[in-house]
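Everything on this sheet refers to the single structure shown next.
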Amino acid sequence: MIFNNDKAIYIQMADRLCDEILSGTYQEDARIPSVREYAVLLQVNTNTAMKAYDQLARDEIIYNKRGLGYFVMPGAKEKILKARREEFMEQTLPELFRNMRLLGIEFSDIAEAFNKLKNED
């Protein structure tokens, strides 16, 4: 994984795990990689991975079964979707609308670009 300087690495790791839950890689009550396995996979310090897991546990996205590892919390996908939608509406959209106004981009231009990208998938 290539990390950027905009966010702490452990937050980027937590975001990635959330992405994997959203994409269906990990289902409710499914075991996720151990802290050590995830650290090795992403080539980061184990303590950094532990911070990511701790954050996700605090946010009730994952839970720990002592001796068995970490698992996806029931309802985690819906919780992630809700948080991400709120963040999009409050942070991304206002900046997008501002740029659209500055650049003279209409909603029809956006719809056309969206449909073109959607058809490429």
Side-chain angles (χ1 to χ4, degrees):
M1 179 172 176
I2 298 172
F3 297 101
N4 62 49
N5 294 326
D6 295 345
K7 291 184 185 176
I9 291 174
Y10 80 93
I11 293 175
Q12 293 177 64
M13 291 178 68
D15 287 347
R16 178 185 165 138
L17 199 48
C18 286
D19 290 347
E20 292 171 338
I21 292 168
L22 288 176
S23 72
T25 302
Y26 303 112
Q27 303 292 324
E28 289 185 358
D29 289 315
R31 186 181 177 281
I32 62 173
S34 71
V35 172
R36 194 169 285 126
E37 290 168 339
Y38 214 55
V40 168
L41 176 69
L42 300 182
Q43 300 177 345
V44 299
N45 185 295
T46 305
N47 293 331
T48 304
M50 191 67 229
K51 280 181 79 171
Y53 277 52
D54 284 343
Q55 181 64 50
L56 290 170
R58 278 193 303 277
D59 292 343
E60 299 180 339
I61 302 298
I62 62 174
Y63 63 95
N64 187 8
K65 285 186 183 177
R66 193 171 294 281
L68 297 176
Y70 284 91
F71 295 79
V72 177
M73 183 80 76
K77 185 173 183 175
E78 291 76 22
K79 188 175 228 174
I80 296 165
L81 279 171
K82 182 177 186 249
R84 295 243 177 125
R85 286 178 177 149
E86 287 174 4
E87 180 182 342
F88 181 81
M89 297 300 278
E90 293 171 7
Q91 295 176 13
T92 306
L93 262 183
E95 180 65 16
L96 174 67
F97 290 155
R98 186 181 80 72
N99 282 321
M100 286 174 65
R101 273 193 312 274
L102 289 172
L103 300 172
I105 297 173
E106 300 294 327
F107 283 107
S108 59
D109 300 327
I110 299 294
E112 182 181 325
F114 177 78
N115 288 328
K116 183 178 178 183
L117 290 173
K118 188 171 73 170
N119 291 333
E120 291 176 4
D121 290 340

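The structure displayed is predicted, hence computed values, not measured ones. Just so it is clear, the values below take in all heavy atoms, side chains as well, and ignore hydrogens, waters and symmetry mates.
Residues Ile110 and Leu93 share a hydrophobic cluster, clusters being chains of Ile/Leu/Val/Met/Phe/Trp/Tyr side chains in contact below 4.5 Å. No path of Ile, Leu, Val, Met, Phe, Trp and Tyr side chains, each step under 4.5 Å between heavy atoms, connects Val44 with Val40, placing them in separate hydrophobic clusters. Leu42 and Leu17 fall within the same hydrophobic cluster, where Ile, Leu, Val, Met, Phe, Trp and Tyr residues are linked whenever their side-chain heavy atoms come under 4.5 Å apart, directly or through other members. Cluster annotation: Phe107 and Leu117 are assigned to distinct hydrophobic clusters (Ile/Leu/Val/Met/Phe/Trp/Tyr, side-chain heavy-atom contacts under 4.5 Å, transitive).
A distance of 9.5 Å separates CD1 in Ile80 from CG in Asp59, rounded to the nearest 0.5 Å. Atom CG in Leu41 sits 8.5 Å away from atom CD in Gln43 (nearest 0.5 Å). A distance of 10.0 Å separates CG in Leu22 from CG in Asp15, rounded to the nearest 0.5 Å. Expressed to the nearest 0.5 Å, how far CZ of Arg101 lies from CG of Leu103 amounts to 11.0 Å. Note: Ser34 OG to Met50 CE = 10.5 Å, rounded to the nearest 0.5 Å.
Glu112 CD: 12 or fewer foreign heavy atoms inside a 6.0 Å radius. Annotation: Arg31, atom CZ; neighbour count of heavy atoms from other residues, nucleotides and ligands within 6.0 Å is above 12.
When all heavy atoms of Asp29 and Phe71 are compared, the closest pair comes out as O-CD2, 3.4 Å. Of all the heavy atoms in Tyr70 and Asp54, the pair that sits closest is OH-OD1, 4.3 Å. Of all the heavy atoms in Thr46 and Val35, the pair that sits closest is O-CG1, 3.7 Å. When all heavy atoms are compared, the tightest approach of Ala76 to Ile61 is CB-O, 3.5 Å. The two atoms that bring Ala14 and Ala52 nearest to each other are N-CB, 4.0 Å, heavy atoms only.
A search for ring pair (Phe, Tyr, Trp, His ring centres under 6.0 Å) contacts involving Phe114 returns nothing, not counting sequence neighbours. Every side-chain contact (heavy atoms from CB on, under 4.5 Å) that Gln91 has, sequence neighbours left out, goes to Glu87.
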Can you list the steps and then say if Lys82 with Glu86 is a salt bridge (charged side-chain N to carboxylate O under 4.0 Å, His left out)?
-> CA-CA 6 Å; Lys82 182 177 186 249; Glu86 287 174 4; 3.4 Å; yes
Under the criterion side-chain contact (heavy atoms from CB on, under 4.5 Å), I'd like the reasoning laid out for Asn64 against Tyr53: C-alpha separation, chi angles, the key distance, then a yes or no. CA-CA 9 Å; Asn64 187 8; Tyr53 277 52; over 6 Å; no
Derivation of the side-chain contact (heavy atoms from CB on, under 4.5 Å) call for Met100 and Phe97
CA-CA 5 Å; Met100 286 174 65; Phe97 290 155; 3.9 Å; yes
Applying side-chain contact (heavy atoms from CB on, under 4.5 Å), run through Glu78 and Leu81 and close with a yes or a no. CA-CA 5 Å; Glu78 291 76 22; Leu81 279 171; 5.5 Å; no
Derivation of the side-chain contact (heavy atoms from CB on, under 4.5 Å) call for Leu56 and Met13
CA-CA 10 Å; Leu56 290 170; Met13 291 178 68; over 6 Å; no
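At least one donor-acceptor pair under 3.5 Å links the side chain of Glu28 to the backbone N or O of Gly75. Gln12 places a side-chain N or O within 3.5 Å of a backbone atom of Asn4 that can act as its donor or acceptor partner. Panel note: side chain Asn45, backbone Asn47; a donor-acceptor pair is recorded below 3.5 Å. Remark: side-chain polar atoms of Asn99 are not paired, donor with acceptor, to backbone N or O of Leu96 under 3.5 angstrom. At distances below 3.5 Å, at least one donor-acceptor pair connects side-chain atoms of Gln27 with backbone N or O atoms of Gly24.
Taking a cutoff of 4.0 Å between a charged side-chain nitrogen and a carboxylate oxygen, Glu20 and Arg16 qualify as a salt bridge.
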